[in-house]
2 protein chains.
Amino acid sequence: MTNATAMLTALGDPTRQAIFERLTDGPLAVGQLADVLPISRPAVSQHLKVLKEVGLVTDRQEGTRRLYSVDPDGLAELRAHLDGFWARSLAAFQQHASRESQNDQNN
Amino acid sequence: MTNATAMLTALGDPTRQAIFERLTDGPLAVGQLADVLPISRPAVSQHLKVLKEVGLVTDRQEGTRRLYSVDPDGLAELRAHLDGFWARSLAAFQQHASRESQNDQNN
DNA sequence: GCTTACCGTAAGCTACGACTTACCGAAGGG
DNA sequence: CCCTTCGGTAAGTCGTAGCTTACGGTAAGC
(Lines give C-alpha, C1' and ligand atoms only; values in the text may rest on other atoms or scores of the structure.)
Protein backbone atom coordinates (compact mmCIF):
# COMPACT_ATOMS: atom_id res chain seq x y z
CA MET A 1 0.00 0.00 0.00
CA THR A 2 1.61 3.21 -1.13
CA ASN A 3 1.28 6.39 0.84
CA ALA A 4 -1.21 7.90 -1.56
CA THR A 5 -3.54 4.94 -1.23
CA ALA A 6 -3.24 5.22 2.54
CA MET A 7 -4.31 8.86 2.17
CA LEU A 8 -7.34 7.81 0.18
CA THR A 9 -8.24 5.28 2.85
CA ALA A 10 -7.85 7.94 5.53
CA LEU A 11 -10.11 10.31 3.61
CA GLY A 12 -12.65 7.54 3.18
CA ASP A 13 -14.37 8.46 6.41
CA PRO A 14 -16.86 11.35 6.00
CA THR A 15 -15.94 12.85 9.36
CA ARG A 16 -12.27 12.97 8.40
CA GLN A 17 -13.28 14.57 5.09
CA ALA A 18 -15.13 17.26 7.04
CA ILE A 19 -12.17 17.81 9.34
CA PHE A 20 -9.74 18.01 6.46
CA GLU A 21 -11.99 20.36 4.52
CA ARG A 22 -12.24 22.68 7.52
CA LEU A 23 -8.47 22.74 7.78
CA THR A 24 -8.12 23.80 4.16
CA ASP A 25 -9.53 27.18 5.23
CA GLY A 26 -6.77 27.61 7.78
CA PRO A 27 -5.23 26.08 10.91
CA LEU A 28 -7.60 25.07 13.71
CA ALA A 29 -7.26 23.73 17.23
CA VAL A 30 -8.76 20.41 18.31
CA GLY A 31 -11.40 22.08 20.46
CA GLN A 32 -12.46 24.41 17.68
CA LEU A 33 -13.06 21.45 15.41
CA ALA A 34 -14.97 19.63 18.13
CA ASP A 35 -17.20 22.69 18.67
CA VAL A 36 -18.28 22.65 15.05
CA LEU A 37 -18.49 18.92 14.45
CA PRO A 38 -21.20 16.68 15.92
CA ILE A 39 -18.68 14.44 17.69
CA SER A 40 -16.73 14.58 20.93
CA ARG A 41 -13.26 16.07 21.26
CA PRO A 42 -11.48 12.72 21.75
CA ALA A 43 -13.07 11.50 18.53
CA VAL A 44 -11.61 14.51 16.75
CA SER A 45 -8.21 13.72 18.23
CA GLN A 46 -8.37 10.18 16.93
CA HIS A 47 -9.27 11.34 13.44
CA LEU A 48 -6.50 13.90 13.46
CA LYS A 49 -4.06 11.18 14.46
CA VAL A 50 -5.01 9.15 11.40
CA LEU A 51 -4.75 12.16 9.09
CA LYS A 52 -1.37 12.99 10.57
CA GLU A 53 0.00 9.46 10.21
CA VAL A 54 -0.65 9.46 6.45
CA GLY A 55 0.88 12.93 6.09
CA LEU A 56 -2.22 14.90 5.22
CA VAL A 57 -2.03 17.28 8.19
CA THR A 58 0.62 18.77 10.45
CA ASP A 59 0.38 19.89 14.05
CA ARG A 60 2.24 22.48 16.06
CA GLN A 61 2.02 23.52 19.68
CA GLU A 62 0.62 27.00 20.30
CA GLY A 63 0.65 27.61 24.02
CA THR A 64 -1.79 25.19 25.62
CA ARG A 65 -3.51 24.53 22.32
CA ARG A 66 -2.45 22.36 19.41
CA LEU A 67 -3.05 23.75 15.94
CA TYR A 68 -3.57 21.44 13.00
CA SER A 69 -3.02 22.46 9.39
CA VAL A 70 -3.17 20.68 6.06
CA ASP A 71 0.20 19.45 4.81
CA PRO A 72 0.64 20.87 1.30
CA ASP A 73 3.18 18.18 0.41
CA GLY A 74 0.78 15.42 1.38
CA LEU A 75 -2.06 16.94 -0.57
CA ALA A 76 0.25 17.35 -3.56
CA GLU A 77 1.17 13.68 -3.35
CA LEU A 78 -2.49 12.70 -3.37
CA ARG A 79 -3.20 14.93 -6.35
CA ALA A 80 -0.25 13.43 -8.20
CA HIS A 81 -1.64 9.96 -7.61
CA LEU A 82 -5.03 11.00 -8.95
CA ASP A 83 -3.31 12.53 -11.95
CA GLY A 84 -1.71 9.14 -12.57
CA PHE A 85 -5.16 7.58 -12.61
CA TRP A 86 -6.28 10.22 -15.01
CA ALA A 87 -3.37 9.81 -17.42
CA ARG A 88 -3.66 6.04 -17.54
CA SER A 89 -7.41 6.01 -17.96
CA LEU A 90 -7.12 8.57 -20.73
CA ALA A 91 -4.50 6.46 -22.50
CA ALA A 92 -6.66 3.36 -22.15
CA PHE A 93 -9.67 5.21 -23.48
CA GLN A 94 -7.80 6.49 -26.52
CA GLN A 95 -6.44 3.02 -27.21
CA HIS A 96 -9.97 1.67 -27.02
CA ALA A 97 -11.22 4.43 -29.33
CA SER A 98 -8.51 3.66 -31.88
CA ARG A 99 -9.44 -0.01 -31.80
CA GLU A 100 -13.04 0.99 -32.38
CA SER A 101 -12.16 3.04 -35.46
CA GLN A 102 -10.05 0.12 -36.66
CA ASN A 103 -13.11 -2.09 -36.41
CA ASP A 104 -15.20 0.50 -38.23
CA GLN A 105 -12.77 0.43 -41.15
CA ASN A 106 -13.01 -3.36 -41.31
CA ASN A 107 -16.83 -3.28 -41.40
CA MET B 1 -22.62 15.05 1.07
CA THR B 2 -21.62 16.14 -2.40
CA ASN B 3 -20.90 13.64 -5.12
CA ALA B 4 -17.15 14.17 -4.90
CA THR B 5 -17.13 13.35 -1.19
CA ALA B 6 -19.17 10.24 -1.94
CA MET B 7 -16.47 9.28 -4.44
CA LEU B 8 -13.81 9.72 -1.78
CA THR B 9 -15.80 7.54 0.58
CA ALA B 10 -16.17 4.91 -2.13
CA LEU B 11 -12.42 4.93 -2.79
CA GLY B 12 -11.77 4.64 0.92
CA ASP B 13 -11.82 0.86 0.75
CA PRO B 14 -8.45 -0.61 -0.36
CA THR B 15 -10.14 -3.32 -2.42
CA ARG B 16 -12.13 -0.73 -4.34
CA GLN B 17 -8.92 1.23 -4.87
CA ALA B 18 -7.34 -1.89 -6.36
CA ILE B 19 -10.36 -2.50 -8.58
CA PHE B 20 -10.43 1.08 -9.76
CA GLU B 21 -6.71 1.13 -10.41
CA ARG B 22 -6.98 -2.02 -12.53
CA LEU B 23 -9.73 -0.41 -14.55
CA THR B 24 -7.56 2.60 -15.31
CA ASP B 25 -5.49 0.30 -17.54
CA GLY B 26 -8.54 -0.60 -19.57
CA PRO B 27 -12.01 -2.18 -19.37
CA LEU B 28 -12.32 -5.48 -17.52
CA ALA B 29 -15.05 -8.04 -16.90
CA VAL B 30 -16.17 -9.00 -13.41
CA GLY B 31 -14.66 -12.46 -13.63
CA GLN B 32 -11.31 -11.10 -14.81
CA LEU B 33 -11.15 -8.85 -11.77
CA ALA B 34 -12.14 -11.71 -9.47
CA ASP B 35 -9.38 -13.90 -10.94
CA VAL B 36 -6.73 -11.38 -10.02
CA LEU B 37 -8.09 -10.17 -6.69
CA PRO B 38 -8.06 -12.28 -3.51
CA ILE B 39 -11.83 -12.08 -3.07
CA SER B 40 -14.81 -13.89 -4.53
CA ARG B 41 -16.67 -12.77 -7.62
CA PRO B 42 -19.81 -11.62 -5.79
CA ALA B 43 -17.62 -9.41 -3.62
CA VAL B 44 -16.22 -7.81 -6.76
CA SER B 45 -19.75 -7.24 -8.00
CA GLN B 46 -20.69 -5.47 -4.79
CA HIS B 47 -17.65 -3.20 -4.98
CA LEU B 48 -18.37 -2.40 -8.61
CA LYS B 49 -21.91 -1.49 -7.67
CA VAL B 50 -20.64 1.06 -5.16
CA LEU B 51 -18.16 2.52 -7.64
CA LYS B 52 -20.90 2.72 -10.25
CA GLU B 53 -23.38 4.44 -7.92
CA VAL B 54 -20.97 7.30 -7.25
CA GLY B 55 -20.16 7.64 -10.94
CA LEU B 56 -16.58 6.44 -10.92
CA VAL B 57 -17.11 3.53 -13.32
CA THR B 58 -19.42 2.59 -16.17
CA ASP B 59 -20.60 -0.80 -17.31
CA ARG B 60 -21.69 -2.15 -20.65
CA GLN B 61 -22.90 -5.54 -21.75
CA GLU B 62 -20.58 -7.47 -24.03
CA GLY B 63 -22.26 -10.73 -24.90
CA THR B 64 -22.53 -12.76 -21.74
CA ARG B 65 -19.92 -10.69 -19.98
CA ARG B 66 -20.20 -7.26 -18.41
CA LEU B 67 -17.30 -4.88 -18.97
CA TYR B 68 -16.52 -2.16 -16.47
CA SER B 69 -14.52 0.95 -17.30
CA VAL B 70 -13.54 4.07 -15.41
CA ASP B 71 -15.84 7.02 -16.01
CA PRO B 72 -13.62 9.93 -17.13
CA ASP B 73 -16.24 12.47 -16.09
CA GLY B 74 -16.42 11.06 -12.58
CA LEU B 75 -12.67 11.01 -12.19
CA ALA B 76 -12.52 14.58 -13.47
CA GLU B 77 -15.06 15.62 -10.87
CA LEU B 78 -12.98 14.07 -8.12
CA ARG B 79 -9.85 15.77 -9.38
CA ALA B 80 -11.66 19.10 -9.46
CA HIS B 81 -12.69 18.64 -5.85
CA LEU B 82 -9.11 17.91 -4.85
CA ASP B 83 -8.01 20.99 -6.76
CA GLY B 84 -10.45 23.00 -4.66
CA PHE B 85 -8.78 21.66 -1.54
CA TRP B 86 -5.45 22.62 -2.98
CA ALA B 87 -6.44 26.17 -3.92
CA ARG B 88 -8.01 26.90 -0.55
CA SER B 89 -5.16 25.43 1.47
CA LEU B 90 -2.70 27.40 -0.61
CA ALA B 91 -4.61 30.62 -0.03
CA ALA B 92 -4.79 29.90 3.70
CA PHE B 93 -1.10 29.18 3.81
CA GLN B 94 -0.21 32.41 2.04
CA GLN B 95 -2.48 34.36 4.35
CA HIS B 96 -0.75 32.77 7.30
CA ALA B 97 2.65 33.54 5.83
CA SER B 98 1.74 37.18 5.31
CA ARG B 99 0.55 37.41 8.91
CA GLU B 100 3.89 35.94 9.97
CA SER B 101 5.88 38.53 8.07
CA GLN B 102 3.61 41.19 9.55
CA ASN B 103 4.52 39.94 13.00
CA ASP B 104 8.18 39.86 12.09
CA GLN B 105 8.04 43.52 11.14
CA ASN B 106 6.45 44.36 14.47
CA ASN B 107 9.20 42.52 16.41
C1' DG C 1 -34.06 -27.01 -25.42
C1' DC C 2 -29.92 -28.28 -22.40
C1' DT C 3 -25.85 -26.98 -20.88
C1' DT C 4 -22.32 -23.85 -19.90
C1' DA C 5 -20.35 -19.36 -18.84
C1' DC C 6 -21.08 -15.19 -16.64
C1' DC C 7 -23.08 -12.15 -13.46
C1' DG C 8 -26.29 -9.81 -9.87
C1' DT C 9 -28.79 -10.27 -5.46
C1' DA C 10 -30.15 -12.21 -0.80
C1' DA C 11 -29.04 -13.77 3.60
C1' DG C 12 -25.99 -14.29 7.16
C1' DC C 13 -21.65 -13.99 9.74
C1' DT C 14 -17.62 -11.62 11.53
C1' DA C 15 -14.32 -8.29 12.27
C1' DC C 16 -13.18 -3.77 12.59
C1' DG C 17 -13.74 1.12 12.99
C1' DA C 18 -16.03 5.07 14.82
C1' DC C 19 -17.91 6.65 18.89
C1' DT C 20 -18.32 7.41 24.02
C1' DT C 21 -16.79 8.13 28.98
C1' DA C 22 -13.05 8.26 32.08
C1' DC C 23 -8.48 9.36 33.19
C1' DC C 24 -4.08 11.72 33.06
C1' DG C 25 -0.46 15.02 31.57
C1' DA C 26 1.17 19.66 30.07
C1' DA C 27 0.99 24.67 29.71
C1' DG C 28 -0.67 29.46 31.51
C1' DG C 29 -3.08 32.66 34.58
C1' DG C 30 -4.33 34.47 38.91
C1' DC D 1 1.13 26.92 43.97
C1' DC D 2 -3.74 25.86 42.81
C1' DC D 3 -6.87 25.81 39.14
C1' DT D 4 -8.40 25.98 34.67
C1' DT D 5 -7.93 25.10 29.85
C1' DC D 6 -6.60 22.08 26.43
C1' DG D 7 -5.58 17.77 24.49
C1' DG D 8 -3.87 12.80 23.98
C1' DT D 9 -4.70 7.91 25.43
C1' DA D 10 -7.22 3.67 27.38
C1' DA D 11 -11.04 0.81 27.68
C1' DG D 12 -15.31 -0.61 26.21
C1' DT D 13 -19.67 -0.63 23.33
C1' DC D 14 -22.17 -0.80 19.01
C1' DG D 15 -23.16 -0.38 14.25
C1' DT D 16 -22.00 -1.48 9.87
C1' DA D 17 -19.03 -2.60 6.00
C1' DG D 18 -16.99 -6.34 3.71
C1' DC D 19 -16.88 -11.08 2.94
C1' DT D 20 -18.81 -15.74 2.03
C1' DT D 21 -22.14 -19.29 0.32
C1' DA D 22 -26.34 -20.09 -2.03
C1' DC D 23 -29.57 -19.04 -5.47
C1' DG D 24 -31.71 -17.26 -9.72
C1' DG D 25 -31.49 -15.16 -14.25
C1' DT D 26 -29.69 -14.06 -18.92
C1' DA D 27 -26.92 -14.80 -23.12
C1' DA D 28 -24.35 -17.91 -26.20
C1' DG D 29 -22.90 -22.63 -28.08
C1' DC D 30 -23.92 -27.20 -29.59
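Throughout, a chain's letter reflects where its sequence line sits, starting with A, and its residues are numbered from 1.
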Distance in angstrom units between Arg60(B) CZ and dC6(C) C1', rounded:
16 Å
Identify every side-chain donor-acceptor pair in residues 26-47 of chain A under 3.5 Å, counting partners at least two apart or on other chains, and give the distances.
| from | atom 1 | to | atom 2 | distance (Å) |
| --- | --- | --- | --- | --- |
| Gln32(A) | OE1 | Ala29(A) | N | 3.1 |
| His47(A) | ND1 | Arg16(A) | NH1 | 3.1 |

Considering heavy-atom distances to DNA chain C, does Gly63(A) or Val50(A) have its closest nucleotide positioned more toward the 5' end?
Val50(A)
Numerically ordered, the residues 68-75 of chain A set in heavy-atom contact under 4.0 Å with DNA chain C is none
Contact pattern, 5' to 3', of nucleotides 19-25 of chain C - B, S or - by protein heavy atom under 4.0 Å:
BBBB---
Considering all heavy atoms of both residues, which atom of Pro14(B) and which atom of Thr9(A) are nearest to each other, and what is their separation?
CG-OG1, 4.2 Å
Which nucleotide of DNA chain D is the first, and which the last, in the 5' to 3' direction, to come under 4.0 Å of a heavy atom belonging to chain B?
dG18(D) to dA28(D)
Search all heavy atoms of Leu23(B) against all heavy atoms of Tyr68(B) and return the closest pair with its distance.
CD2-O, 3.3 Å
Between OG1 on residue Thr5(A) and CD on residue Gln17(B), distance to nearest 0.5 Å:
5.5 Å
Distance below 4.0 Å between Arg66(A) side-chain N/O and dA26(C) OP1 or OP2:
no
All side chain to side chain contact (heavy atoms under 4.5 Å, CB included) counterparts of Lys52(B), not counting sequence neighbours:
Val57(B), Asp59(B)
Below 3.5 Å, can you tabulate the donor-acceptor pairs from side chains in residues 74-93 of chain B to any protein atom, sequence neighbours excluded?
| from | atom 1 | to | atom 2 | distance (Å) |
| --- | --- | --- | --- | --- |
| Arg79(B) | NH1 | Asp83(A) | OD1 | 2.5 |
| Asp83(B) | OD1 | Arg79(A) | NH1 | 2.5 |
| Arg88(B) | NH1 | Asp25(A) | OD1 | 3.4 |
| Arg88(B) | NH2 | Glu21(A) | OE2 | 3.2 |
| Ser89(B) | OG | Phe85(B) | O | 3.2 |
| Ser89(B) | OG | Trp86(B) | O | 3.0 |

Which atoms form the tightest heavy-atom contact between Arg60(A) and Ser69(A), and what is the distance?
NH2-OG, 3.5 Å
Nearest-0.5 Å distance, CG of residue Asn3(A) to CG of residue Leu8(A):
10.5 Å
To the nearest angstrom, how far is Lys49(A) atom NZ from dG17(C) atom P?
13 Å
Would you say CZ of Arg66(B) has more than 12 non-hydrogen atoms from neighbouring residues, nucleotides or ligands within 6.0 angstrom?
yes
Can you tell me how far CG of Leu56(B) sits from CG of Leu51(B), rounded to the nearest 0.5 angstrom?
6.0 Å
